[in-house]
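Only this structure's heavy atoms are used, side chains among them; waters, hydrogens and symmetry mates stay out. For ligands, and for the atoms within them, numbers begin at 1 and follow the listed sequence. The shown structure was predicted, so the numbers you read here are calculated from the model rather than taken from an experiment.
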Amino acid sequence: MIPILDLTKQYEQIQSEVERAVLEVLKSGQYIVGKHNKALEKEIAAFCGVKRAVALNSGTDALHLALRALDIGAGDEVITTAFTFVATTEAIGIVGAKPIFADIDPNTFNLDPNQLESKITAKTKAIIPVHLYGQPANMEEIMKIAKKYNLYVIEDCCQAIGAELNGQKVGSFGDIGCFSFFPTKNLGAFGDGGMVTTNSDYLADRILALRNHGGAVRYYHDEIGVNSRLDEVQAAILRVKFPYINEWNQKRKENAYKYNELLKDVKEVVTPRELKGTKCIYHQYTIEIPNRDAIHKYLQENGVGAMLYYPVPLHLQKVHAYLGGKLGDLPITEEKTTRVLSLPMFPEITYEQQKTVVETLKKALIECKATA
Ligand SMILES: *Cc1c(COP(=O)(O)O)cnc(C)c1O
């Protein structure tokens, strides 16, 4: 089986460093918000080119607390994409605001800036673009619209640490950037973890307080917060892994280009397209293919761990039924959810494995009699 992601190879590469770091934390007696937390925040802020970063328990909490820090809640609307993981809109729901879905750009699967203005109402407070699969959304256009209508922008960078648009890192365009260190992400912990980035000291300090029961000073509480601290073991592991992120992202990109080459004569397959001026980090390598469900099944049965991200767009999920979304609302999102297929992608995947994936895919196309 060639899995969608194999973390064991990466562990072999960094095993001794990780084990040393973890043991050091275990011996230190400092398990929550210690020196590794503070150092990781500084390192990620510098990497993203922002003033501040705050470590949290997950990417979901990063989104949730970003909304809280911007005072977005009941009665407010937040425009986002339905072509993402549910955590993006879950965070909007948690604070009591309403997600409003806009359609995506057919080439990049990210929010189409041209679809935004028609969704803006007097209640709109923010836009949450998602840099899906490690491809930056069109932030320049999105920021122009946000400025024109005086809206906040929260970037969902959970799949895109290190991705760039015109030399600028994601997480530094909007008011707040939200990152996840879930183990399968490009920078993954050995458990849950997350981070926000911002150029605002006010927002960073507010999130620092919110993550720790709503108070900047211990046992003095100003507002309802949460417990969303990153534990020190995870922070130490992330600091071991972080220096490798550029190398790992680069390898993913090289592997993506190898897939492009191997697939270039397969006329039924649409390979990923990059927005001009972007550095994509290929969290996923996602193709479009006809007869997708049959092909997916064939690949799964024949040793290729291809995956569907995501099979049901968010406006058609039961959790959002109260919003009254229906088939036909977001034609491009709906079409793409029937066509996308993510192939095994990780820095250590070998060329032999990639060739096997593509050979199996070609067989699947014949077996499933797919037509372009
Ligand atoms: C993973 C992910 C999240 C949530 O991150 P967690 O750390 O799992 O809470 C949010 N948005 C997107 C796009 C993601 O891929």
### Leu330 with Val130, same ILVMFWY side-chain cluster at under 4.5 Å
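Same hydrophobic cluster.
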### Message
Less than 3.5 Å apart, any donor N or O on the side chain of Arg229 or Asn212 sitting next to an acceptor on the other?
### Response
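Result is yes, a qualifying pair exists.
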### Query
So which bit of Leu132 gets within less than 4.0 Å of ligand 1, heavy atoms only: side chain, backbone, both or neither?
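Answer for Leu132: neither.
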### Query
Is Ser58 touching ligand 1 with its side chain, its backbone, both, or neither, if touching means heavy atoms under 4.0 Å apart?
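Both parts.
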### Geometric cation-pi criterion, Lys169 with Phe47: 6.0 Å, 45°
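Lys169 over Phe47 ring: yes.
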### Message
Could you work out, for atom 2 (C) of ligand 1, the closest of His283, Lys185, Gln159 by heavy-atom distance?
### Response
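Checking each option, the heavy atom nearest atom 2 (C) of ligand 1 is found in Lys185.
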### Message
Looking at Glu41 and Arg52, is there a salt bridge between them, counting it only when a charged N and a carboxylate O are closer than 4.0 Å?
### Response
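Not counted as a salt bridge, because no side-chain N and carboxylate O are separated by less than 4.0 Å.
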What atoms of ligand 1 come within less than 4.0 Å of a heavy atom belonging to [X]?
X      : result
Gly59  : 5 (O), 6 (P), 7 (O), 9 (O)
Ala87  : 3 (C), 4 (C), 10 (C)
Val130 : 13 (C)
Thr84  : 13 (C)

### Message
Is it the case that atom OH in Tyr322 sees more than 12 heavy atoms from other parts of the structure closer than 6.0 Å?
### Response
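Correct, the count exceeds 12.
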### Sequence-distant partners of Asn166, side-chain hydrogen bond (donor to acceptor under 3.5 Å, both in side chains), two or more places apart
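Residues passing side-chain hydrogen bond (donor to acceptor under 3.5 Å, both in side chains) with Asn166: Glu140.
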### Task
Give me the one residue out of Ser180, Ser228, Cys178 that meets side chain to side chain contact (heavy atoms under 4.5 Å, CB included) with Leu56.
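With Leu56 as partner, side chain to side chain contact (heavy atoms under 4.5 Å, CB included) holds for just one option, Ser228.
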Pairs of nitrogen or oxygen atoms closer than 3.5 Å, one from [X] and one from ligand 1: do any exist?
X      : answer
Thr60  : yes
Phe85  : no
Ser180 : yes

### Message
Return the closest protein heavy atom for atom 13 (C) of ligand 1 as residue, atom name and distance.
### Response
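Its nearest protein heavy-atom neighbour is Asp156 OD2, 3.4 Å.
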### Message
So, taking the atom named CG in Leu151 and the one named CG in Leu70, what distance separates them when rounded to the nearest 0.5 Å?
### Response
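So the CG of Leu151 and the CG of Leu70 are separated by 11.5 Å.
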